[in-house]
Amino acid sequence: MSEAEQSLFDVRLAKLERLRSRGIDPYPHTFDRTHSTAEAAALLETAEAANSADAKTETVSLAGRITAMREMGKASFIDILDGEGRLQALLRKNTLGEEYEILKDLDLGDWIGVTGPMFRTRTNEATIEVQQIQVLSKALRPLPEKWHGLADVEVRFRQKYLDLISSEDARRVAKLRSRAVSSIRRFLDDRGFMEVETPVLVPVAAGAMARPFITHHNQLDRDLYLRIATELYLKRLIVGGLEKVYEIGRVFRNEGVDFYHNPEFTMLESYEAFADYNDTMVMVEEMTKFVATQALGSTKVDFQGTEIDFAPEGGWPRLNLRDEVIKHSGIDFLEYPDIDSLKSQMAAAGIDVSQQASWGGLMDKLVSDKVEPHLFQPAFLVDYPVEMSPLAKRHREDPRLVERFEGFVAGMEICNSFSELNDPVDQRKRFEEQEALHKAFKDEDMDRLDEDFLVAIEHGMPPTGGMGMGIDRLVMLLSGHRSIREVVLFPQLRSR
RNA sequence: GGCCCGCUAGCUCAAUGGCAGAGCAAGUGACUCUUAAUCACUAGGUUCUCGGUUCGAGUCCGAGGCGGGUCACCA
């Protein structure tokens, strides 16, 4: 702590001691709150509707943090912030007597409890006239500046509580996220899904193409991985006869950090027996509509100046991937089934192909460069090549493709879904191809063979529609933020 | 990881290579309807770190740290 910082700290410590010397406990165990700030304001409005203009309510008790103090000698206004909002308190010497002196030892940031009737000031603001005041917790460090708030992005993320104290938007996003997640649970629960928990520490990091975090179990003396997906465990439960399962859980990918990526993020995965990807598409439409309505009160949201409608007339367009790629790049990928020809076509279309090695990797680049940026309003890209999708079932009409869709909003992939591959022989072959690719292209992330999973589906997995959705990204869309760090309470940062 | 930008008082921000400043917060005083309260005064600095150039560096140069942006990879 700097000297200047220390002196601010010392001033508050002195106030703390002064409170104690006056017999006031600056850290009491409890406070009997009767109303939130919002409830108190509502109570006043009720009283005003019943009586005349200058109504007073019964005595209420409020608690919150001091965010502003306006002292005028023998009367002072204090702004109190609680979980629902801000409310003004009036303290007057002729009401409080000796107790009024406590103001000298209060600071911005302190928690207080106040008791008294609600009334309206001359400037028409709902206010509590304080008859009793109690310190609930003395703060020893100062708050960020009251008008500009906290602008330093680094401090906002490292000390999230300061962001939450000084930014209405930070509080809004935190609440929105909570409402979104709980409404997802309600949606799935109401449809007969059961929520389950599967291992975070796994012997094989499979179920997606990503680099895993590695850790070590001392007693077992073996390396374990943090899961990169929940997919293969949820499918084991489908094999076991749990027909509709889902998990909302943290997954971990040891990849770059940017606007759209945090090394740990929250994914919803759901699996429904006897369904296919067409059924799942409908479910995604209904779920996003439900979640937007529950969390926002509307299916329409402003995202960076453009309105997104999660429930467009006629549903989300189903866009055939092959058609879209041809439309935006002129390349028909089925015509170029080998790496060299596809690569030269892409290079001719002006795409940087220097980093990509496998055919699937090239396709991924082609789609994300040429097609995804055009998908602003909600839409599904449908029917991917088999090489890009080792866990998806072959298309019923074309074995070169799989029954897979991804949902896009604002150019961002928010979900990925298949008719799940339940043919154990084909699944083993696909895994083996992935393993071969993994060896051939060391730098590229491939899905890994999970023998235990193969044994499971060799016992018979029913036809299943599965889906994974990035919860952080969904909350970004709902809240209008284009950075994942704004919707994660504690985003990953370099340690100091 | 490459490239670009930023880092000054607790917070928000100034300062041609020439005395390091303002507002808020803090302290003292005045003030019984203010709301970015007002008024007067006071105090507050390792200018991210290390090194260099210079008579003189917050400012120029080099290295490093942290953050942001962007490109590449991943959802």
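Just so you know, these numbers use all the heavy atoms, side chains as well, and skip hydrogens, waters and symmetry mates. All chains are named by letter (A, B, ...) in the order of the sequence lines, taking the proteins before the strands, and each is independently numbered beginning at 1.
Atom NZ in A:Lys93 sits roughly 15 Å away from atom P in B:C33 (whole-Å rounding). With rounding to whole Å, A:Arg211 atom CZ is found 13 Å from B:C73 atom P. In this structure, A:Tyr260 places its OH atom 15 Å from P of B:C74, rounding to the nearest Å. Look at CZ on A:Phe252: it is 16 Å from C1' on B:C74, rounded to the nearest Å. In this structure, the CD atom of A:Glu71 is 16 Å from the P atom of B:C39, given to the nearest Å. One interatomic measurement links the two molecules: CG of A:Asp163 to C1' of B:G67, which rounds to 15 Å at whole-angstrom precision. If you take CD of A:Gln159 and P of B:C66, they are 17 Å apart, rounded to a whole angstrom. Rounded to whole Å, the distance from CD on A:Glu154 to C1' on B:C7 is 9 Å.
Judged purely by distance below 3.5 Å, without hydrogens or angles, the side chains of A:Tyr384 and A:Asp364 never pair a donor atom with an acceptor atom. Of the N and O atoms on the side chains of A:Glu247 and A:Thr230, not one donor lies less than 3.5 Å from an acceptor on the other residue. Counted by atom type alone, A:Glu84 and A:Thr37 present zero donor-acceptor pairs between their side chains at under 3.5 Å. Checked by atom type, the side-chain pair A:Tyr260/A:Glu413 shows no donor-acceptor distance below 3.5 Å.
Checking B:A26, B:C33, B:U32 against the side-chain heavy atoms of A:Arg122 singles out B:C33 as nearest. Closest to the A:Glu125 side chain, of the nucleotides B:U32, B:A26, B:U34, is B:U34. The nucleotide whose nearest atom lies closest to any side-chain atom of A:Leu90 is, among B:U32, B:C66, B:C33, B:C33. Side-chain proximity of A:Pro144 to the nucleotides B:G27, B:A36, B:C11 is greatest for B:C11. Taking the side chain of A:Met72 as heavy atoms from C-beta on, and the options B:U34, B:A72, B:G27, the nearest nucleotide is B:U34. Which of B:C74, B:A25, B:U12 sits closest to the side chain of A:Leu108 comes down to B:A25. Of the candidate nucleotides B:A36, B:U12, B:G45, B:G45 has the atom lying nearest to any side-chain atom of A:Ala4.
Distances shorter than 4.0 Å separate some side-chain N or O of A:Lys365 from OP1 or OP2 on B:C73. Distances shown here put every side-chain N or O of A:Lys15 at or beyond 4.0 Å from the OP1 or OP2 atom of B:A26. The phosphate of B:C31 has neither OP1 nor OP2 within less than 4.0 Å of any side-chain N or O from A:Arg70.
The gap from the P atom of B:G44 to that of B:G21 amounts to 12 Å, rounded to the nearest Å. As rounded to the nearest Å, B:A72 and B:C4 have C1' atoms that lie 16 Å from one another. Rounded to whole Å, the separation between the P atoms of B:A40 and B:A25 comes to 14 Å. Taking the P atom of each, B:U49 and B:C66 are spaced 15 Å apart, rounded to whole Å. Using atom C1' as the reference point in both B:U54 and B:C11, the two lie 35 Å apart (nearest Å). Remark: the separation of the P atoms in B:U16 and B:G10 is 22 Å, to the nearest Å. On the C1' atoms, B:U32 is 24 Å away from B:C41, given to the nearest whole Å. For the P atoms, the distance from B:U59 to B:C48 is 8 Å, rounded to whole Å.
Under the Watson-Crick and G-U wobble criteria, each requiring two contacts below 3.5 Å, nucleotide B:U8 is left unpaired. The pairing partner recorded for B:G56 is none, the criterion being a Watson-Crick or G-U wobble arrangement whose two distances lie under 3.5 angstrom. Of the nucleotides present, none pairs with B:U32 by Watson-Crick or G-U wobble criteria with both distances under 3.5 Å. Base pairing analysis places B:C13 opposite B:G21; the two distances defining the Watson-Crick or G-U wobble pair are each below 3.5 Å. Using Watson-Crick or G-U wobble geometry with both donor-acceptor distances under 3.5 Å, B:G64 finds its partner in B:C48. B:U70 and B:G2 make up a base pair, with Watson-Crick or G-U wobble contacts both under 3.5 Å. Nucleotide B:A26 has B:U42 as its partner under the Watson-Crick or G-U criteria, with both atom distances under 3.5 Å.
Across all strands shown, A:Phe9 has no heavy atoms under 4.0 Å from either base or sugar-phosphate atoms. Across all strands, A:Phe119 comes closer than 4.0 Å to base atoms (heavy-atom distances). When heavy atoms are screened at a 4.0 angstrom cut-off, A:Gly149 is found touching the sugar-phosphate backbone but no base atom. At a threshold of 4.0 angstrom between heavy atoms, the contacts of A:Leu150 are confined to the sugar-phosphate backbone, with no base atom among them. Nucleic acid contact for A:Arg250: none, since no nucleic acid atom lies under 4.0 Å from a heavy atom of the residue. Base contact: A:Asn262 has a heavy atom under 4.0 Å from a base atom. No contact: A:Asn416 has no heavy atom under 4.0 Å from any strand.
Pairing each heavy atom of A:Ile102 with each of A:Leu19, the nearest pair is CG1-CD2, 3.9 Å. Across all their heavy atoms, A:Leu381 and A:Phe408 have their closest contact at CD1-CE1, 3.7 Å.
For A:Gln88 against B:U34, a side-chain-to-base donor-acceptor contact under 3.5 Å is present. A donor-acceptor contact under 3.5 Å is formed by the side chain of A:Thr121 with the base of B:U34. Judged by distance alone, with hydrogens and angles left aside, A:His261 brings a side-chain donor or acceptor within reach of the base of B:C74, the pair sitting under 3.5 Å.
Partners of A:Glu285 under the side chain to side chain contact (heavy atoms under 4.5 Å, CB included) rule, at least two apart in sequence or in another chain, are A:Val282, A:Trp316, A:Arg318, A:Phe380.
Nearest-nucleotide positions on RNA chain B place A:Leu106 closer to the 5' end than the other of A:Asp258 and A:Leu106. Annotation: of the two residues near RNA chain B, A:Arg92 and A:Glu145, the 5′-most nearest-nucleotide partner is A:Glu145.
Within the 4.5 Å cutoff, no side-chain heavy atoms of A:Val130 are placed close to those of A:Thr95. Side chains of A:Leu366 and A:Ile331 form a contact here, defined as non-hydrogen atoms less than 4.5 Å apart.
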